[in-house]
Amino acid sequence: ALRQEFAEEMRAALDLQDVLDLTRLRVKEHKFQIGVQILGAAIDADRSGAGYADLAEAALVSLLPAVWDAFADAERHGVIDGGAMVILAMGKMGSREMTGESDLDLIFVYDYPDHDSVSDGPRPLMAQQYFSRLCQRLINAMTVPTAEGKLYEVDMRLRPSGNAGPVATRFDGFGDYQRDQAWTWEHMALTRARVIAGDAALSDGVRATMAEVLGRPRDRKLIAQDVVAMRQRLVKQAGRGSTNLWDLKMVRGGLLDIEFIAQFLQLAQAAKVPEVLHPNTCKALSNLARADFLSRRNADDLIAASGLYRDLMALFRVAVVGEFDPAAAPRGTVNAVLRIAETASMAQLEQRLAETQARVFAAFRNIVEVAAEVD
């Protein structure tokens, strides 16, 4: 429905600038609607996260052909015969766990038939240059401020080779990198990847490559050691935040520990049971429990903790500027927090958070840290 709404809206656009303004206007309207539902506790984080992700996806699907047409016609670069491109959503967009302030973590993958392919416009470009410039135009279309503001911030650090790599990657290079060069943390990130737009045949190829990479047999102990080392680095970077129970993502026993447990178990077990893989953290945990790689009790605890953390974080992104401080928060915000958490008092909620974080941290130690030590 969102895609259809955007498509109908864009028919009234006279040029790319109109497309950019109309897209921003519609995204802001829908974000406001989702925010109102969050404030009223009418939807939980699962629904709001999926709603924000669907909205971002619809905006991208709408923008891509408009930007490509302008690049081919207005900038006179034409098209590449047989050329194709897809967009991979990573992070919270890939897992459909977005908040109202989430960046878009994206990877662009393209392909073309011949090594010496050139675009057919009056200002022809070699294929690699063509797709790199096209993807940069799309990034600019999302990030540049217009009269209607900025659409989204875009984070490209998860692309092959990170910020040192090209903006877009050819299909074979994407596969080679993921097979031979990617670090464990990059494969952890790949568990949350989802193709959201682009050529159907290339989309199938990218999905098959991801399934192959994630389904490779792995050294469980080595993977666990890499996950523990990465989590320790993030604890050091977070500093005091790692002990602040309201830092719901970074605190020990927080959302990041839940995500790392799910990602570790998927990488460790997907070679045996590929069906454990899922971009959404809670659905991956359910799959892992169904396959007996995670106890049902642990899965239920982790899923409940994730829901609590994300419900609160969704509210904070709508109602709080900066970090949430219960001592300084307005009464209305405190009431909204208690309503969403279904708790009678802030003291009870803080006790619940402390107990929840202790259980999650214990699960991380028992599942990941123990695996890192086993001979």
Side-chain angles (χ1 to χ4, degrees), residues 30-31 33-57 89-105 188-189 191-192 194 231 234 238 241-242 244-263 266 278-289 298-320 322-324 326 329 333-334 336-343 346 349-350 352-361 363-364:
H30 282 288
K31 278 189 173 182
Q33 292 168 355
I34 296 171
V36 169
Q37 294 177 76
I38 291 171
L39 287 170
I43 57 174
D44 61 12
D46 288 336
R47 291 181 62 191
S48 66
Y52 283 127
D54 289 343
L55 179 58
E57 184 174 330
M90 311 290 288
K92 291 191 179 301
M93 185 178 182
S95 64
R96 291 165 59 83
E97 298 169 321
M98 291 179 67
T99 70
E101 294 185 358
S102 293
D103 296 343
L104 304 188
D105 294 291
M188 292 166 65
T191 64
R192 303 172 81 182
R194 187 168 56 89
R231 188 62 179 103
L234 292 173
S242 64
N244 175 10
L245 61 82
W246 288 104
D247 189 357
L248 300 173
K249 179 178 180 180
M250 296 303 299
V251 66
R252 290 317 314 245
L255 189 62
L256 199 62
D257 281 336
I258 299 173
E259 293 170 353
F260 276 21
I261 291 169
Q263 291 161 15
Q266 287 179 88
H278 199 288
N280 181 271
T281 301
C282 291
K283 290 181 179 178
L285 291 168
S286 291
N287 291 346
L288 289 159
N298 268 336
D300 289 343
D301 282 347
L302 294 171
I303 290 169
S306 173
L308 173 62
Y309 297 157
R310 290 182 295 108
D311 283 345
L312 292 171
M313 291 170 70
L315 173 64
F316 295 160
R317 298 301 182 268
V318 172
V320 177
E323 296 183 359
F324 176 69
T333 302
V334 171
V337 169
L338 297 177
R339 181 170 63 250
I340 283 175
E342 298 180 341
T343 307
M346 194 59 68
L349 177 54
E350 290 186 337
R352 180 182 171 192
L353 285 174
E355 293 172 353
T356 299
Q357 289 161 9
R359 284 195 298 272
V360 171
F361 191 25
F364 183 89

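Predicted, not measured: the structure shown is a model, and the values here were computed from it.
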Measuring from atom [atom1] of [X] to atom [atom2] of [Y], what distance do you get when rounded to the nearest 0.5 angstrom?
{"X": "Met250", "Y": "Asp257", "atom1": "CE", "atom2": "CG", "result": "9.0 Å"}
{"X": "Leu285", "Y": "Asp300", "atom1": "CG", "atom2": "CG", "result": "10.0 Å"}
{"X": "Leu349", "Y": "Glu342", "atom1": "CG", "atom2": "CD", "result": "11.5 Å"}
{"X": "Leu255", "Y": "Phe260", "atom1": "CG", "atom2": "CZ", "result": "10.5 Å"}
{"X": "Leu302", "Y": "Thr356", "atom1": "CG", "atom2": "OG1", "result": "10.5 Å"}

Which pair of heavy atoms, one from [X] and one from [Y], lies closest together, and at what distance?
{"X": "Ser286", "Y": "Ile303", "answer": "OG-CD1, 3.4 Å"}
{"X": "Thr99", "Y": "Ser102", "answer": "N-OG, 2.9 Å"}
{"X": "Leu288", "Y": "Ala262", "answer": "CD1-O, 4.0 Å"}
{"X": "His278", "Y": "Asn287", "answer": "CB-ND2, 3.7 Å"}
{"X": "Asn298", "Y": "Ala363", "answer": "OD1-CB, 4.2 Å"}
{"X": "Tyr52", "Y": "Met98", "answer": "CD1-O, 3.5 Å"}

Identified side chain to side chain contact (heavy atoms under 4.5 Å, CB included) counterpart of Met93 within the set Asp103, Leu104, Asp105: Leu104
Enclosure of [X] [atom1] (heavy-atom neighbours >12, cutoff 6.0 Å):
{"X": "Glu355", "atom1": "CD", "result": "yes"}
{"X": "Lys249", "atom1": "NZ", "result": "no"}
{"X": "Arg47", "atom1": "CZ", "result": "no"}
{"X": "Glu323", "atom1": "CD", "result": "no"}

Going through the distances and angles, do Leu248 and Gln357 end up as a side-chain contact (heavy atoms from CB on, under 4.5 Å)? CA-CA 9 Å; Leu248 300 173; Gln357 289 161 9; 4.1 Å; yes
If you look only at distance, which donor and acceptor atoms sit under 3.5 Å apart when one is on a side chain in residues 308-315 and the other is two or more places apart or in another chain?
unit_1	atom_1	unit_2	atom_2	d
Tyr309	OH	Gly253	O	2.7
Arg310	NE	Ser306	O	3.3
Arg310	NE	Ser306	OG	2.8
Arg310	NH1	Asp46	OD1	3.1
Arg310	NH2	Asp46	OD1	2.8
Asp311	OD1	Ala45	N	2.6

Ring-plane angle category for Trp246 and Phe324, please: parallel below 30°, perpendicular beyond 60°, tilted otherwise. perpendicular
So, the side chain of Arg359 versus the backbone of Ala305: is there a donor-acceptor pair under 3.5 Å, distance only? no
With a 3.5 Å distance limit and no angle check, can you tell me whether Gln263 reaches the backbone of Ala189 through a side-chain donor-acceptor pair? no
How far apart are the C-alpha atoms of Phe316 and Val337, what are their side-chain angles, what is the distance that settles it, and do they pass the side-chain contact (heavy atoms from CB on, under 4.5 Å) test? CA-CA 9 Å; Phe316 295 160; Val337 169; 3.7 Å; yes
Would Lys92 and Glu259 count as a side-chain contact (heavy atoms from CB on, under 4.5 Å) if you check the C-alpha gap in whole Å, the side-chain angles of each, and the deciding distance to 0.1 Å? CA-CA 11 Å; Lys92 291 191 179 301; Glu259 293 170 353; 3.6 Å; yes
Given side chains that start at C-beta, do those of Asp301 and Val360 come closer than 4.5 Å, heavy atoms only? no
Salt bridge (charged side-chain N to carboxylate O under 4.0 Å, His left out) with Asp54: which of Arg194, Arg96, Lys31? Arg96
